[in-house]
Student: 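Right, I'll just put the structure down here and ask away after.
In each ligand, atom 1 is the first atom listed, and ligand 1 is the first ligand listed. Both backbone and side-chain heavy atoms feed into the values below; hydrogens, waters and symmetry mates do not. In this text the structure is predicted, and so the values were computed from the model without any measurement. We number each residue from 1, following the sequence as shown.
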Amino acid sequence: MLLPVKIGEENFERWFSNVGVEATDDGKVILTVPNPIHHLWIESNYAGPLSEVIDIASGGPRHIEFRIHANAPAAAANGKPAALALPLVDAAVRGGRQMSREPAASTALIAPADEVRVPRTLAEAGLNTKYSFDNFVVGANSQYSAAVAKAVAEKPGRIYNPLFFYGGTGLGKTHLMQAIGREILLSKKKAVVRYVTSEQFTNDFVEAIRGQTLPVFRRKYRKVDVLLIDDVHFFVGKDSTQEEFFHTFNELFNNSKQIVLASDRSPGELKNLEQRLVSRFEWGLTTQIQNPDFETRAAILRRKLGDLEDAPPMEPWILEFVAQRVRSNVRKLEGALARVAAHVSLEGSAPANEAALEALLHDVVDQEPAKTVSVDAIQRMVATHYDLRVADLTGPRRPSNIALARQVAMYLTRHMTRLPLTQIGEEFGGRDHGTVIHACKVISGRMVAEGEFRKLVEGLIAKIVEG
Ligand code: ADP
Ligand code: MG
């Protein structure tokens with residue numbers, strides 16, 4: 001529907017300068033008008049666009065009611081139209097000619113403005129230089145997602161369209177999406193790639209209505225080869241933006257352009273998102289990124305430590321502790337590591353023990369306490385791994401294979417339980433605490449020097465923590 005009347009300054013003054021806007025707690029918007037004629041005229045000529053902008057401005061669908069107000073609302077008294085209290089109403093009405101229920105049709109009516117810059121650099125495409133496939137650590141939790149991301153980057157628009165990532169916060173959705181954009185931008189010189197969050201898309205849309213630049217907006221989002229929209233859960237409750245995005249989606253999809261979406265929920269769980277959008281999101285491939293397991297967390301930490309400039313030396317138990325205690329968010333994992341690194345460079349040394357480390361990271365570690373691990377569980381796991389009996393670890397014998405297994409078990413007990421050194425000694429056949437300290441030094445020394453050995457110990461930790 002195109003508006004039947006073009007409204008000029010004069011008409012605006014006449015019909016809207018005396019209209020007031022009030023939002024009520026129960027989700028209504030009340031327009032106060034001076035008389036029934038205003039009510040009738042506004043409702044019959046501007047209902048559609050008015051409700052559209054009110055929804056946008058309010059962040060959700062609103063029921064509009066009219067109320068007759070004998071006196072013009074207060075703000076009008078000083079000569080300013082009260083309607084400007086909600087500037088979008090102003091924009092909607094003045095820009096009403098451009099607002100239509102059928103965006104594609106109205107685009108054709110307006111001479112396209114040539115103001116959309118084709119993104120040629122990562123920054124122009126909205127991409128952050130720090131996200132690439134190269135520095136994404138693939139674990140069991142993200143293996144499938146990373147594989148389809150790479151496939152899409154290789155053949156955009158051809159295999160999985162749309163590609164929809166979902167999963168909890170800080171698990172790498174944005175990273176993977178941006179890696180797709182980066183890969184395509186750098187490898188296919190002509191490809192137009194654009195990444196935005198759904199919030200930016202919404203703001204851009206609102207701005208386009210306000211500034212009467214919808215055609216520019218539409219060129220920006222529809223004349224691309226790859227559109228990456230992050231955090232689409234933000235669209236929930238924003239009906240007009242959803243409608244706009246629906247048309248954007250259709251145009252891209254029909255032209256075999258790649259669409260990549262990410263959200264904290266699966267499409268089916270996006271309550272209050274228009275059904276026709278949800279079903280489109282499900283047309284292609286939906287993939288979940290799960291919480292990383294211990295080994296993946298440790299691998300991510302090592303990778304991040306390696307990427308730090310002037311990475312300070314860190315004993316293995318520090319990374320293990322962080323990986324054990326920060327479980328559900330990679331961003332927090334990075335934050336914890338950065339804090340330890342800062343501590344090392346300021347103080348000249350890492351926190352001396354777990355209590356100090358825990359104090360340093362008290363607000364980052366997961367609230368839910370780490371699984372309590374018993375000495376018994378550690379001894380059994382280590383004995384099984386070395387094909388020994390638990391009694392060998394706690395007994396007096398010292399052949400080298402037993403001695404090594406015993407030292408590994410002591411190291412793990414030291415870092416996975418809260419037992420004091422003397423008690424650890426007790427648990428290993430009444431050895432003294434100096435023996436435990438020595439065992440820990442030997443094992444962490446070997447872990448730093450020998451990658452294979454470090455993997456072995458981390459594999460044992462993973463088995464112990466994950467059950
Ligand atoms: P999300 O979008 O799922 O909330 P992000 O993609 O923003 O999460 O990831 C949060 C941070 O964690 C980013 O700095 C990202 O680089 C990092 N990150 C997440 N997963 C990985 C991974 N598998 N390998 C390397 N870094 C990761
Ligand atoms: Mg994100």
Student: What class does the angle between the rings of His175 and Phe136 fall in, given that below 30° is parallel, 30 to 60° is tilted and above 60° is perpendicular?
Tutor: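 It falls in the perpendicular class, over 60°.
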Student: Please determine if Ile300 has a nitrogen or oxygen closer than 3.5 Å to a nitrogen or oxygen of ligand 1.
Tutor: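 No, no N or O pair falls under 3.5 Å.
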Student: Please identify which atoms of ligand 1 are closer than 4.0 Å to at least one heavy atom of Val137.
Tutor: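 Listed by number with element, the hits are 22 (C), 23 (N), 24 (N), 25 (C).
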Student: Which heavy atom of the protein is the closest neighbour of atom 7 (O) of ligand 1, given with residue, atom name and distance?
Tutor: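 Of the protein heavy atoms, Arg331 NH2, 2.8 Å lies nearest.
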Student: Could you find the nearest protein heavy atom to atom 2 (O) of ligand 1 and give me its residue, atom name and distance?
Tutor: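 Protein heavy atom with the smallest distance to atom 2 (O) of ligand 1: Thr174 OG1, 2.7 Å.
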Student: Please check this pair: side chain of Asp231 against backbone of Phe234, looking for a donor-acceptor N/O pair closer than 3.5 Å.
Tutor: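 Between the backbone of Phe234 and the side chain of Asp231 there is no qualifying donor-acceptor contact (under 3.5 Å).
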Student: If the cut-off is 2.8 Å, does any N/O/S atom of Thr174 fall short of it from the Mg ion (ligand 2)?
Tutor: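 Given the 2.8 Å cut-off, Thr174 counts as a ligand of the Mg ion (ligand 2).
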Student: Asp230 and Tyr195: side-chain donor and acceptor closer than 3.5 Å?
Tutor: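 On atom types as modelled, these side chains qualify, holding a pair under 3.5 Å.
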Student: Within the structure, does Ser142 bring an N/O atom to less than 3.5 angstrom of an N/O atom in ligand 1?
Tutor: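 No: no nitrogen or oxygen of Ser142 is under 3.5 Å from one in ligand 1.
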Student: One thing to verify: whether Lys455 and Glu295 come together as a salt bridge, which I'm taking to mean a side-chain N less than 4.0 angstrom from a carboxylate O.
Tutor: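 No, Glu295 and Lys455 are not salt-bridged.
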Student: Please assess Phe253 against Asn250 for the test side-chain contact (heavy atoms from CB on, under 4.5 Å), listing each intermediate value before the final yes or no.
Tutor: CA-CA 5 Å; Phe253 188 86; Asn250 290 345; 5.6 Å; no
Student: In terms of relative ring orientation, are Trp317 and His415 parallel, tilted or perpendicular, with 30° and 60° separating the classes?
Tutor: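 Ring orientation of Trp317 relative to His415: parallel.
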Student: Checking the N or O distance criterion of under 3.5 Å, is ligand 1 in contact with Val330?
Tutor: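 No; every N/O pair is 3.5 Å or more apart.
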Student: For Phe201 together with Phe205, are the ring centres under 6.0 Å from each other?
Tutor: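 No: the rings miss the under 6.0 Å criterion.
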Student: Does Gly168 have a heavy atom less than 4.0 Å from any atom of ligand 1?
Tutor: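 It does; at least one heavy atom falls under 4.0 Å.
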Student: If you measure from CZ on Arg218 to CZ on Arg222, what distance do you get to the nearest 0.5 Å?
Tutor: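 If I round to the nearest 0.5 Å, the distance is 5.0 Å.
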Student: Would you check if Val232 and Phe164 make a side-chain contact, meaning some heavy-atom pair closer than 4.5 Å?
Tutor: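 SC-SC contact between Val232 and Phe164 confirmed.
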Student: Looking at ligand 1, is there an atom of it that comes within less than 4.0 Å of some heavy atom belonging to Lys304?
Tutor: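 Flag set, Lys304 near ligand 1.
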Student: At less than 4.0 angstrom from any non-hydrogen atom of Gly172, what atoms of ligand 1 do you find?
Tutor: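 Every atom of ligand 1 under 4.0 Å from some heavy atom of Gly172: 1 (P), 3 (O), 5 (P), 6 (O), 8 (O), 9 (O), 19 (C), 20 (N).
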Student: Among all the protein's non-hydrogen atoms, which is closest to atom 11 (C) of ligand 1, and how far away is it?
Tutor: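 Ranked first by proximity to atom 11 (C) of ligand 1 is Glu334 OE1, 3.7 Å.
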Student: Which heavy atom of the protein is the closest neighbour of atom 15 (C) of ligand 1, given with residue, atom name and distance?
Tutor: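 Scanning the protein heavy atoms, the shortest distance from atom 15 (C) of ligand 1 goes to His175 ND1, 3.4 Å.
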Student: Taking the six-membered ring of Phe246 as reference, does the cationic atom of Arg276 (NZ for Lys, CZ for Arg) lie under 6.0 Å from its centre and within 45° of its axis?
Tutor: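 Cation-pi check for Arg276 and Phe246: passes.
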Student: Tell me, please: is Lys130 in heavy-atom contact with ligand 1, that is, under 4.0 Å?
Tutor: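 The answer is yes, since Lys130 has a heavy atom less than 4.0 Å from ligand 1.
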Student: Considering both backbone and side-chain atoms of Phe136, is one of its nitrogen or oxygen atoms within less than 3.5 Å of a nitrogen or oxygen in ligand 1?
Tutor: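 Not met; the criterion fails.
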Student: Could you tell me whether Leu171 and ligand 1 have an N or O pair separated by under 3.5 Å?
Tutor: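 Checking ligand 1 against Leu171, an N or O pair does fall under 3.5 Å apart.
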Student: Which ligand 1 atoms are under 4.0 Å away from a heavy-atom of Asn135?
Tutor: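 Every atom of ligand 1 under 4.0 Å from some heavy atom of Asn135: 24 (N), 25 (C).
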Student: Looking only at protein heavy atoms, which one is nearest to atom 4 (O) of ligand 1, and how far off is it?
Tutor: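 Protein heavy atom with the smallest distance to atom 4 (O) of ligand 1: Gly170 N, 2.7 Å.
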Student: If you measure every N or O of Thr169 against every N or O of ligand 1, does any of those distances drop under 3.5 Å?
Tutor: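 No.
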Student: Checking Lys173 against Tyr166: charged group under 6.0 Å from the ring centre and within 45 degrees of the axis?
Tutor: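 Checked: cation-pi criterion not met.
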